[in-house]
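Computed from a prediction, not measured in an experiment: that's the story for all the values here.
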Amino acid sequence: MSGTTRRFLRPAAALAAAAALALTGCTADSASSDGQTGFVTGKGGLDTAKAGSRQAAPEIGGTLLDGGSAKLADYKGKVVVLNIWGSWCGPCRAEAKGLQEVWAKYQDQGVQFLGINTRDAVPANAVAFEKNFGVTYPSIFDPDGTQILKFPKGSLNPQSIPTTIVVDREGKLAARAMRALSSEDLESLIKPVVDEAK
């Protein structure tokens, strides 16, 4: 296969993956069904992995909506909450204020929130979303789903939008929810990871 052909196929694959996420996502009742033995599916599609059986998170990074840049590795030693969202997604709008509330509560406890905004063609819509809902944590602009594709299949990978993933202090995938979360459900995912031995 020529280099030119590969250049055209890579964006097409990323767009196909983002479209697949959109088709399976933006619902409030997505459930885990990928059968990985390393994690336990709890009620309501909240999945967790024990400390000894977690997979490493991929090297997520990119340009932020405000024009800066960030990567997951910047936050090593912190518990990181990744939220995959789009301004066009109804359930993302429903959970936005709760995410901000939990971020405000936990940001001084060694926790960092990082959004991954996807399928917004231009940053302006996503920036307006954040302003409207008072979101203050950073988000990577990932319109074609390139960062989402980095998660290995069979891990606590995102399969719908919204998806929230908790990464432990060692950079490993600890928990996942593939639906819009209440602040209480989000805390139930974060707190056990925050409480692990530092």
Side-chain angles (χ1 to χ4, degrees), residues 10-11 13-27 30 45 47 55-76 78-100 102-103 106-107 111-133 135-153 155-168 171-181 186 189-190 193:
R10 188 172 294 138
L15 287 172
L21 278 172
L23 290 173
T24 59
C26 242
T27 68
S30 298
D47 307 320
Q55 291 184 311
E59 296 182 5
I60 299 299
T63 302
L64 297 173
L65 291 173
D66 68 4
S69 64
K71 55 185 185 292
L72 184 56
D74 292 339
Y75 308 118
K76 193 85 179 272
K78 290 188 174 187
V79 173
V80 181
V81 178
L82 296 171
N83 179 254
I84 298 160
W85 64 281
S87 67
W88 44 270
C89 169
C92 300
R93 291 191 289 274
E95 72 175 1
K97 287 187 178 180
L99 286 168
Q100 175 61 29
V102 178
W103 159 238
Y106 280 88
Q107 63 182 311
V111 176
Q112 175 66 49
F113 278 40
L114 180 63
I116 301 176
N117 170 260
T118 192
R119 291 193 65 234
D120 276 307
V122 294
N125 292 337
V127 170
F129 175 102
E130 288 187 330
K131 184 176 181 181
N132 186 45
F133 290 102
V135 174
T136 61
Y137 55 85
S139 280
I140 292 168
F141 183 54
D142 186 33
D144 60 3
T146 300
Q147 301 307 308
I148 297 167
L149 284 173
K150 293 180 178 180
F151 286 86
K153 187 176 180 182
S155 69
L156 289 174
N157 58 312
Q159 297 174 21
S160 60
I161 300 170
T163 289
T164 299
I165 295 171
V166 181
V167 180
D168 69 18
K172 295 185 176 180
L173 302 171
R176 171 187 66 185
M178 295 190 294
R179 61 175 175 82
L181 289 175
L186 180 55
L189 284 183
I190 296 171
V193 183

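- Of all heavy-atom pairs spanning Asp142 and Ile148, the tightest one is OD2-N, 3.5 Å.
- Contact of the Phe141 side chain with the Val127 side chain is not registered, since no non-hydrogen atoms from C-beta on lie closer than 4.5 Å.
- Residues Phe151 and Leu173 form a side-chain contact, since some pair of their non-hydrogen atoms from C-beta on lies under 4.5 Å apart.
- At least one donor-acceptor pair closer than 3.5 Å links the side chain of Gln147 to the backbone N or O of Gly61.
- Judged by distance alone, the side chain of Thr164 and the main-chain N or O of Asn83 form no donor-acceptor pair under 3.5 Å.
- Between Leu181 and Arg179, some side-chain heavy-atom pair lies under the 4.5 Å cut-off.
- More than 12 heavy atoms of other residues, nucleotides or ligands sit less than 6.0 Å from atom NZ of Lys150.
- From Asp168, atom CG reaches atom NZ of Lys76 across 9.0 Å, with rounding to the nearest 0.5 Å.
- Summarising the geometry of Leu65 relative to Pro123, their closest heavy-atom pair is CD2-CB, 4.0 Å, with the distance given to 0.1 Å.
- To the nearest 0.5 Å, the span separating CG on Asn117 from CD1 on Ile161 amounts to 9.5 Å.
- Looking at Asp120 and Ser87, their side chains do bring a donor and an acceptor atom within 3.5 Å of each other.
- Using a 4.5 Å cut-off on side-chain heavy atoms (C-beta onward), Gln100 and Phe113 make no contact.
- For the atom pair Ile84 CD1 and Ile116 CD1, the distance stands at 4.5 Å (nearest 0.5 Å).
- A 4.5 Å side-chain heavy-atom check between Val167 and Leu114 finds every atom pair outside the cut-off.
- Note on ring orientation: taking the six-membered ring where Trp is involved, the planes of Tyr137 and Trp103 are perpendicular (angle over 60°, cut-offs 30° and 60°).
- You'll find the side chain of Trp85 stays beyond 4.5 Å of the side chain of Thr118, heavy atoms only.
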- Query: So Thr163 and Arg176, side-chain contact (heavy atoms from CB on, under 4.5 Å) or not? Walk me through it.
  - Reply: CA-CA 7 Å; Thr163 289; Arg176 171 187 66 185; 3.9 Å; yes
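- Expressed to the nearest 0.5 Å, how far CD1 of Ile165 lies from CG of Asn157 amounts to 7.0 Å.
- Counted within 6.0 Å of CD on Glu59, heavy atoms from surrounding residues, nucleotides or ligands total 12 or fewer; the atom is thus considered open.
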